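Okay, structure first, notes after.
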Amino acid sequence: MNVLVIGSGGREHAILKALKKSPRVENLYCMKGNAGTAEIATNVDVDFMNAEAVKKYVLKHPEIDYFVVTPDDPLAEGLVDELESMGKRCFGPNRAAAKIESSKSFAKELMRKYGIPTARSESFTDYGKALEYVRKQGAPIVLKADGLALGKGVLICDTMAQAEECLKEIMLDKTFGNAGDCVVVEELMKGLKYIPGEEVSLLCFTDGKTVKPMISACDHKRAADGDKGLNTGGMGTFAPCPFFTPEDEEEVMRTIVRPTVDAMRAEGTPFKGCLYFGLMRTDRGYKVVEYNSRFGDPETQVILPMLKTDLLDIFEAVTDERLSDIDIEWDDGACVCVVLASGGYPIHYERGDEIYVGKISGADIVHAGTARKGGKLVTNGGRVLNVVAKGKNIDEARLLAYSAASQIEWKGMQYRSDIGLKYREG
Ligand code: AMP
Ligand code: GLY
């Protein structure tokens with residue numbers, strides 16, 4: 001089969017690497033891809049946010065049998081619907097199902113209606129009513145722009161002055177554009193402290209009826225060591241989470257995962273693809289922090305290397321709604337990913353700096369924001385490379401990952417030194 005993966009980051013490179021292992025895969029393509037994807041796939045220089053341009057390319061390339069759409073915005077815009085209307089087979093939710101991520105108020109209403117545990121919240125399109133509610137609730141309080149906002153639309157406000165300022169930024173100043181037409185005002189949840197960032201990511205394959213969890217993963221969202229600094233797309237991950245026990249998984253499957261998949265089906269918008277549950281363990285059990293309608297980045301980079309089952313087999317079983325027929329198997333041990341980022345990320349950073357890579361052993365390099373310029377490997381984004389290593393346990397994997405990271409350098413490169421360092425058994 002010839003498979004096209006849509007997206008350009010580390011997540012897409014990791015998916016391509018996993019697909020490459022399938023004996024049934026003939027050629028791989030990546031739209032638009034990076035310098036790493038170019039090594040195992042044909043990069044396609046078409047803007048995937050331009051549905052007409054994508055359709056034109058697809059018409060010209062009937063040899064491509066299968067499409068994997070991974071980033072949130074083309075999913076929210078309905079790229080899967082477009083491809084399916086051309087008779088193409090895809091992995092990824094359609095526009096109606098992707099709403100579980102692209103509209104936080106939709107997700108909150110779904111959880112309220114079906115009794116899925118999450119933080120208490122109210123949604124508002126009227127600034128005056130939102131302000132009145134915020135004042136009534138008091139600080140600390142969480143404000144969320146309803147739509148997609150590059151992961152930046154969540155504001156945790158410790159004081160009332162901050163809350164009023166943030167509400168104005170979202171609803172009146174439109175800092176996040178139309179994503180702020182509606183605001184979700186949410187209570188601040190308190191997680192149990194032994195979990196880094198107090199959160200667990202559980203990614204699941206689902207065909208709309210059957211749902212099968214992957215191994216759990218833990219992201220490190222803040223830019224600096226000790227969970228300090230600004231929120232980022234994710235600075236590193238490990239999997240599985242030792243503190244996420246089989247009993248925890250059973251609880252989450254029973255109270256959150258299966259009810260969500262059933263709710264989406266009951267609403268007439270069955271979700272097919274990878275459904276990502278961002279979870280916080282509170283003193284009242286696990287609650288949903290957020291849903292994503294896609295693979296996480298950099299969670300995918302530590303989950304897929306542990307997958308023993310053929311990824312293309314799973315993808316097709318999801319598309320054909322026969323996921324119940326497939327057994328998904330995982331390696332023992334652990335996997336760690338350290339994100340190497342450009343200096344200044346997540347605010348302002350340079351592109352085009354040459355990357356020097358020494359001798360790498362015991363780890364795999366996954367590319368995110370990289371490009372080739374005159375034959376040289378250069379930086380081309382905030383998160384640039386992911387160093388991924390597997391080991392008997394997290395400690396072994398993290399030593400291998402950091403040893404490989406020390407072989408890589410460019411001007412201003414930064415990374416956290418504590419990925420996988422802080423974890424405890426629950
Ligand atoms: P999101 O973009 O929804 O993933 O939110 C970004 C981050 O904000 C999450 O990963 C949490 O760390 C934090 N967060 C979001 N909602 C809440 C909440 N209700 N209580 C505490 N932290 C939250
Ligand atoms: N790593 C978090 C995300 O992909 O949204």
Side-chain angles (χ1 to χ4, degrees), residues 7 9-12 14-15 70-73 75-76 98 100-108 111 117-123 137 139-158 163 166 170 176 179-180 183-193 195-203 214 216-223 227-239 241 274-284 286-304 337 339 341 346 368 382-383 386 419:
R11 165 182 59 198
E12 286 74 18
I15 290 173
T70 37
D72 51 3
D73 20 355
L75 288 169
I100 200 164
E101 174 173 6
S102 66
S103 168
K104 289 190 194 289
S105 55
F106 170 85
K108 295 301 287 193
M111 288 185 268
T118 187
R120 202 164 21 90
S121 74
E122 290 275 344
S123 306
Q137 295 301 307
I141 197 150
V142 183
L143 303 182
K144 301 184 171 186
D146 181 58
L148 298 177
L150 299 168
K152 298 195 177 84
V154 173
L155 304 167
I156 297 184
C157 309
D158 296 322
C166 291
I170 296 177
F176 307 107
V183 70
V184 176
V185 183
E186 201 169 279
E187 77 176 310
L188 181 76
M189 290 191 284
K190 284 261 174 277
L192 299 182
K193 287 290 176 206
I195 299 179
E198 301 163 14
E199 285 164 63
V200 177
S201 307
L202 189 67
L203 282 61
M214 304 184 208
S216 59
C218 197
D219 192 6
H220 298 64
K221 290 194 188 224
R222 300 298 196 94
D227 291 332
K228 302 226 161 50
L230 294 172
N231 250 332
T232 71
M235 293 300 286
T237 34
F238 60 79
C241 305
C274 170
L275 186 50
Y276 166 135
F277 297 81
L279 304 168
M280 191 177 279
R281 184 169 172 186
T282 70
D283 53 5
R284 298 202 177 170
Y286 279 93
K287 292 191 182 183
V288 176
V289 179
E290 61 163 345
Y291 292 119
N292 289 325
S293 59
R294 51 173 176 83
F295 282 96
D297 189 339
E299 283 90 342
T300 306
Q301 287 88 315
V302 285
I303 293 172
L304 291 186
C337 167
V339 172
R383 293 187 292 177
N386 307 144
I419 304 301

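In listed order, ligands and their atoms are each counted from 1. All values below were derived from every heavy atom in this structure, side-chain atoms included, with hydrogens, water molecules and symmetry-related copies excluded. Worth saying up front: this structure is predicted, and the values here are computed from it rather than measured.
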Item to complete: Look at the side chain of Arg383 and the backbone N and O of Val339, then say whether any donor-acceptor pair between them is shorter than 3.5 Å.
Response: no
Discussion item. Side chain or backbone, does Asn231 bring an N or O within less than 3.5 Å of an N or O on ligand 1?
Written reply: no
Worksheet item: Of the choices Lys104, Glu290, Lys287, Glu199, which has the non-hydrogen atom that lies closest to atom 9 (C) of ligand 1?
Response: Glu199
Worksheet item: Which atoms of ligand 1 have any heavy atom of Leu188 under 4.0 Å away?
Response: 20 (N), 21 (C)
Item to complete: Could you tell me if the ring centre of Tyr291 sits under 6.0 Å from that of Tyr276?
Response: no
Worksheet entry | Proximal atoms of ligand 1 relative to Lys221 (non-hydrogen, under 4.0 Å) | 4 (O), 10 (O)
Discussion item. Tell me whether ligand 1 is touched by Lys144 - counting only heavy atoms on the residue side and a distance under 4.0 Å.
Written reply: yes
Worksheet item: Can you pull the residues with any heavy atom under 4.0 Å from ligand 2?
Response: Asp219, Gly233, Tyr276, Asn292, Arg294, Gly296, Asp297, Pro298, Glu299
Worksheet item: Heavy atom of Asp219 under 4.0 Å from ligand 1?
Response: no
Discussion item. Using a 4.0 Å heavy-atom cut-off, which part of Glu187 comes near ligand 1: side chain, backbone, both, or neither?
Written reply: backbone
Discussion item. Using the side-chain contact (heavy atoms from CB on, under 4.5 Å) criterion, which residues pair with Cys166? Sequence neighbours excluded.
Written reply: Leu143, Leu155, Cys157
Worksheet item: Nearest 0.5 Å, what's the CD1-OG1 distance between Ile303 and Thr237?
Response: 8.0 Å
Discussion item. Under a 4.0 angstrom heavy-atom cut-off, which atoms of ligand 1 come close to Glu186?
Written reply: 16 (N), 17 (C), 18 (C), 19 (N)
Practice prompt. Output yes when a side-chain donor or acceptor of Thr118 lies under 3.5 Å from a complementary backbone atom of Val288, and no otherwise.
Written response: yes
Worksheet item: For ligand 1, which atoms sit closer than 4.0 Å to a heavy atom of Met189?
Response: 18 (C), 19 (N), 20 (N), 21 (C)
Worksheet entry | All side-chain contact (heavy atoms from CB on, under 4.5 Å) counterparts of Ser103, not counting sequence neighbours | Lys99, Ser105, Phe106, Asp146
Item to complete: Determine yes or no for a side-chain-to-main-chain donor-acceptor pair under 3.5 angstrom, with Glu12 supplying the side chain and Gly9 the backbone.
Response: yes
Fill in: side-chain contact (heavy atoms from CB on, under 4.5 Å) partners of Ser216, counting only residues at least two apart
Val200, Leu202, Pro240, Cys241, Phe244
Worksheet item: So do Lys190 and Asp283 actually touch side chain to side chain, heavy atoms under 4.5 Å?
Response: no
Discussion item. Taking the side chain as everything from C-beta on, heavy atoms only, tell me whether Phe238 gets closer than 4.5 Å to His220.
Written reply: yes
Discussion item. Under 4.0 Å from a heavy atom of Ala119: which atoms of ligand 1 are those, numbered in the order shown and with their elements?
Written reply: 19 (N)
Worksheet item: With a cut-off of 4.0 Å, which atoms of ligand 1 are near a heavy atom of Val289?
Response: 9 (C), 11 (C), 14 (N), 15 (C), 16 (N)
Discussion item. For Glu290, run the salt bridge (Lys or Arg N to Asp or Glu O under 4.0 Å) check against Lys144, Lys221, Lys108 and tell me which one passes.
Written reply: Lys221
